[in-house]
*Asks:* 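Sharing a structure below in structure tokens format, with a few things to ask.
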Amino acid sequence: MHIGKLSTLVILLLAGLFSCIPNKKVIYYQNLEGNSSIPDGDLIPYQIPEYRIQFNDILDIQIQTVEDILEKGFNSRVQMEANQAIFGQIAQSGGDIYYMNGFTVDKNGFIRMPLMGEVKVVDMTLDDIREKLENDLKAYVTTEIYVRVKLGGIRFSTIGEFRRPGKYVVLQDRLTIYEAIAQAGDLTTIAKRDEILLVRQYPEGTRLHRINLNDRQIIQTPYYFIQPNDQIYAEPMKVRELGVGENTAQTLLLVFSAITAVALVANLFVN
């Protein structure tokens, strides 16, 4: 009877101790075994594929004539300050800044603009769209025009083992996957960093890619930079199924709680 109780307690203790998550599973940018080492300080070339516009993208398009530039300058300081104040309020409330005043690409790959009507932009680069608009607008404007075309922010979603999962809009032209993860409050301790699922949209459809965030070789892949409409899914480790703690302190607390519970039950049987 006593030997059986002691064996149970020992098994619980060992299970708790060996269920702690090792550091190598949560450290980013490692030189993993089997891969060529990338020393600190080495220059790592990027693989940045030229982004082509897709369904559901939002474009920020500004058009100025010579008269507009002479009257207001390239950028109106008053208008810029007003926009920054409005954008800041919308961003803090979790809204999409360009949803109301940007040009959304519909399911057929078109945007709708004044004078020109529907303009097909899907599978085009930003430079392609700028050149097309400049040429098409010549039919309506006799003076020189200035056209600026930018993405209305980078939209992405984080799902699963993130501290703040959700949908985000970042007003940048480029965003690394680590910056996107930081935006969502980082991954939880029990997230599978070596098996992140990246769901990426392409003009012809959607593809799923597996990514290892522990490996610094990711910098040399096309998945280092986030693209608009990316979804990042982080699966939990087995420790969630086992119900043990995320770190040593939590695990020991659970083990001691289990030992205490077993001791109380054993005490009842003895008495």
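No hydrogens, no waters, no symmetry mates; every other heavy atom, side chains included, goes into these values.
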*Asks:* If you apply the rule side chain to side chain contact (heavy atoms under 4.5 Å, CB included), what do you find for I53 with L126, and how did you get there?
*Replies:* CA-CA 8 Å; I53 300 302; L126 296 177; 3.9 Å; yes
*Asks:* By side-chain contact (heavy atoms from CB on, under 4.5 Å), which residues pair with D127, not counting sequence neighbours?
*Replies:* T125, R130
*Asks:* Could you tell me if the side chain of I44 sits less than 4.5 Å from the side chain of Q220, heavy atoms only?
*Replies:* yes
*Asks:* Hey, what do you get for CE (M113) to CD1 (I61), rounding to the nearest 0.5 Å?
*Replies:* 4.5 Å
*Asks:* Within the 4.5 Å heavy-atom criterion, are I159 and Q231 side-chain neighbours or not?
*Replies:* yes
*Asks:* Would a 4.5 Å heavy-atom cut-off, applied to side chains only, mark K107 and V122 as touching?
*Replies:* no
*Asks:* For N229 versus F55, what's the shortest heavy-atom pair and its separation?
*Replies:* ND2-O, 3.9 Å
*Asks:* Would you say I226 and Y233 are hydrophobically clustered, going by side-chain heavy atoms of ILVMFWY under 4.5 Å?
*Replies:* no
*Asks:* Cut-off 3.5 Å, side chains only: do T206 and Q201 have a donor facing an acceptor?
*Replies:* no
*Asks:* Answer yes or no: is there a side-chain heavy-atom contact under 4.5 Å between L137 and I63?
*Replies:* yes
*Asks:* Show the nearest heavy-atom pair for residues R193 and T188, with the distance to one decimal.
*Replies:* NH1-O, 3.0 Å
*Asks:* Using the rule given for side chain to side chain contact (heavy atoms under 4.5 Å, CB included), can you reason through N214 versus K24, listing the C-alpha separation, both sets of side-chain angles and the distance that settles it, and then say yes or no?
*Replies:* CA-CA 8 Å; N214 299 132; K24 67 179 182 179; over 6 Å; no
*Asks:* Give the C-alpha distance, both sets of side-chain angles, the deciding distance and a yes or no for side chain to side chain contact (heavy atoms under 4.5 Å, CB included) between Q54 and Q227.
*Replies:* CA-CA 11 Å; Q54 305 166 23; Q227 292 188 5; 4.2 Å; yes
*Asks:* R164 side chain to A184 main-chain N or O, any donor-acceptor pair under 3.5 Å?
*Replies:* no
*Asks:* Can you find a side-chain donor-acceptor pair between D57 and Y51 that sits under 3.5 Å?
*Replies:* yes
*Asks:* Applying the side chain to side chain contact (heavy atoms under 4.5 Å, CB included) test to Y223, which of T176, I177, I196, I211 qualifies?
*Replies:* I211
*Asks:* If every non-hydrogen atom of E161 is compared with every non-hydrogen atom of A191, which pair is closest and at what distance?
*Replies:* CB-CB, 3.6 Å
*Asks:* Using side-chain contact (heavy atoms from CB on, under 4.5 Å) as the criterion, list what pairs up with V119, not counting sequence neighbours.
*Replies:* I111, M116, V121, K132, L133
*Asks:* Just wondering, do I219 and Y29 contact through their side chains at under 4.5 Å, heavy atoms?
*Replies:* yes
*Asks:* Would you say P228 and L151 make side-chain contact, with heavy atoms under 4.5 Å?
*Replies:* yes
*Asks:* Indicate if M124 and V147 have the same hydrophobic cluster label, given that clusters are the connected sets of ILVMFWY residues with side-chain heavy-atom separations under 4.5 angstrom.
*Replies:* yes
*Asks:* Side-chain heavy atoms nearer than 4.5 Å, only ILVMFWY residues, links allowed to pass through others: does that put V170 and L198 together?
*Replies:* yes
*Asks:* Please list, chain by chain and in numerical order, all residues satisfying side-chain contact (heavy atoms from CB on, under 4.5 Å) with R174, sequence neighbours excluded.
*Replies:* Y46, I48, F225
*Asks:* Could you tell me whether the side chains of Y178 and D186 share a donor-acceptor contact shorter than 3.5 Å?
*Replies:* no
*Asks:* Between D194 and L213, is there a side-chain heavy-atom distance shorter than 4.5 Å?
*Replies:* no
*Asks:* Transitively linked via ILVMFWY side-chain contacts under 4.5 Å: L59 with V169?
*Replies:* no
*Asks:* With sequence neighbours excluded, what pairs up with N108 under the side-chain hydrogen bond (donor to acceptor under 3.5 Å, both in side chains) test?
*Replies:* none
*Asks:* Do I154 and D230 come within less than 4.5 Å of each other through their side chains, counting heavy atoms only?
*Replies:* no
*Asks:* For Y168 and F156, take the angle between the two ring planes, folded into 0 to 90°, and tell me which bin it lands in: parallel under 30, tilted 30 to 60, perpendicular over 60.
*Replies:* parallel
*Asks:* Tell me every residue that passes side-chain hydrogen bond (donor to acceptor under 3.5 Å, both in side chains) with S36, counting only those two or more places apart in sequence or in another chain.
*Replies:* Q217
*Asks:* In plain terms, say whether D60 and K150 are close enough for a salt bridge, that is, a side-chain N and a carboxylate O under 4.0 Å apart.
*Replies:* no
*Asks:* In chain order, what residues pass the side-chain hydrogen bond (donor to acceptor under 3.5 Å, both in side chains) check against R210, with sequence neighbours excluded?
*Replies:* E235
*Asks:* What closest approach, in Å, do G102 and I58 show between heavy atoms, and which atom pair accounts for it?
*Replies:* CA-CG2, 3.9 Å
*Asks:* So does D173 have more than 12 non-hydrogen atoms from other groups sitting under 6.0 Å from CG?
*Replies:* no
*Asks:* Any sub-3.5 Å donor-acceptor pair from R216's side-chain atoms to I38's backbone N or O?
*Replies:* yes
*Asks:* Let's go through R112 and D106 carefully: what are the C-alpha distance in whole Å and the side-chain angles of both, what is the deciding distance for side chain to side chain contact (heavy atoms under 4.5 Å, CB included) to 0.1 Å, and is it a yes or a no?
*Replies:* CA-CA 9 Å; R112 186 169 181 80; D106 65 23; over 6 Å; no
*Asks:* Looking only at atom types and distance, does a side-chain atom of N135 sit under 3.5 Å from a main-chain N or O of E131, one as donor and one as acceptor?
*Replies:* yes
*Asks:* Between T158 and A180, which heavy-atom pair has the shortest distance, and what is it?
*Replies:* CG2-O, 4.5 Å
*Asks:* Please check if V105 and Y202 belong to a single hydrophobic cluster, counting links between Ile, Leu, Val, Met, Phe, Trp and Tyr side chain heavy atoms closer than 4.5 Å.
*Replies:* no
*Asks:* Considering all heavy atoms of both residues, which atom of I181 and which atom of L187 are nearest to each other, and what is their separation?
*Replies:* CG2-N, 3.9 Å
